[in-house]
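One structure is given here, and the rest of the page talks about it.
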Amino acid sequence: MHNIFKLAFATAGLLASVSAAPFPPIPSGIIFCDIARLGAPIVASTTGTAVTNLQLAVDVTRATLKTAGFTGGYDFVGGGIGAFDGCHDFWLNIGTSAHSYKPLSWAFDDKETTTWVASEGSTISAAATSSYSATSEFLACEESGTWYLYLQTGTDVPAGVTCATTELFAQSSAIAI
């Protein structure tokens with residue numbers, strides 16, 4: 001049985017190395033990776049804004065808010081926010097910027113940000129770093145019909161786009177498989 005798993009991992013690795021991987025890349029051929037893991041979404045929770053109840057999505061490299069976001073199960077370990085999908089995590093990372101709004105992006109199996117304070121049933125925040133104070137404020141800005149998400153560490157907003165300030169809430173999941 002152990003050799004079957006080793007063969008499955010080796011085969012999946014070989015296949016991934018010879019074909020262009022879509023984002024997000026999902027390994028195939030590994031039976032236990034195909035098992036669905038359900039979880040509750042992370043939602044924009046500030047009422048009265050254009051983004052109220054939109055959900056955090058994991059379908060592009062930049063973090064976005066959509067009407068139907070990712071519900072595959074989040075990991076809140078080691079100060080990270082990971083979206084588990086197909087035996088891998090897509091980690092939510094805080095980028096750098098000269099502005100007070102810091103871009104958020106997803107990275108495949110690359111957890112760079114370890115300062116998130118998050119768990120199911122709580123408001124998500126970023127702990128203080130040498131660059132900014134602790135905050136639970138996010139900025140969602142609509143660009144070409146898509147709501148892109150930033151960590152807001154001050155009062156700057158991008159020019160020429162519609163933005164809304166919000167908090168993010170990690171809903172509690174009743175089912176985990």
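Only this structure's heavy atoms are used, side chains among them; waters, hydrogens and symmetry mates stay out.
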Would you compute the distance between atom [atom1] of [X] and atom [atom2] of [Y] and round it to the nearest 0.5 angstrom?
X    : Y    : atom1 : atom2 : answer
N53  : F169 : CG    : CZ    : 11.5 Å
L149 : S105 : CG    : OG    : 11.0 Å
F90  : F84  : CZ    : CZ    : 10.0 Å
E167 : S136 : CD    : OG    : 4.0 Å
L92  : K111 : CG    : NZ    : 12.0 Å
L104 : R62  : CG    : CZ    : 10.0 Å

Residues T46, T49; criterion side-chain hydrogen bond (donor to acceptor under 3.5 Å, both in side chains); working and verdict: CA-CA 7 Å; T46 304; T49 71; over 6 Å; no
Should [X] and [Y] be regarded as members of a common hydrophobic cluster, given that ILVMFWY residues are connected when their side-chain heavy atoms come within less than 4.5 Å of each other, either directly or indirectly?
X    : Y    : answer
L54  : W106 : yes
Y148 : L65  : no
V58  : V51  : yes

With heavy-atom distances below 4.5 Å as the criterion, would you say the side chains of [X] and [Y] are in contact?
X    : Y    : result
Q152 : V157 : yes
T165 : E137 : yes
T113 : I81  : no
W116 : I94  : yes
L56  : Y74  : yes
F138 : I124 : yes

List the steps and the verdict of side-chain contact (heavy atoms from CB on, under 4.5 Å) for F76 and E120. CA-CA 8 Å; F76 303 106; E120 283 191 1; 4.0 Å; yes
How would you list, by chain and number, every residue that makes a salt bridge (charged side-chain N to carboxylate O under 4.0 Å, His left out) with E142, sequence neighbours excluded?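 Testing E142 for salt bridge (charged side-chain N to carboxylate O under 4.0 Å, His left out), a comparison that skips the adjacent residues, returns none.
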Testing the basics here: between [X] and [Y], what is the closest heavy-atom pair and its distance to 0.1 Å?
X    : Y    : value
E143 : V161 : CG-CG1, 3.9 Å
S119 : A170 : O-CB, 3.4 Å
K102 : G95  : CB-O, 3.5 Å

Given side-chain contact (heavy atoms from CB on, under 4.5 Å), test V43 with L168 step by step and report yes or no. CA-CA 5 Å; V43 299; L168 295 179; over 6 Å; no
Under a 3.5 Å distance rule, please check whether [X] uses its side chain to pair with a backbone N or O of [Y] as donor and acceptor.
X    : Y    : result
T114 : G79  : no
T64  : W147 : no
T153 : Y132 : no

Pairs involving residues 107-162, ordered by first then second residue, that meet disulfide bond (SG atoms under 2.5 Å apart) (sequence neighbours left out):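 For residues 107-162: C141-C163.
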Report the residues that fulfil ring pair (Phe, Tyr, Trp, His ring centres under 6.0 Å) with Y101, sequence neighbours left out, ordered by chain and then residue number.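 Listed in chain order: H99, Y150.
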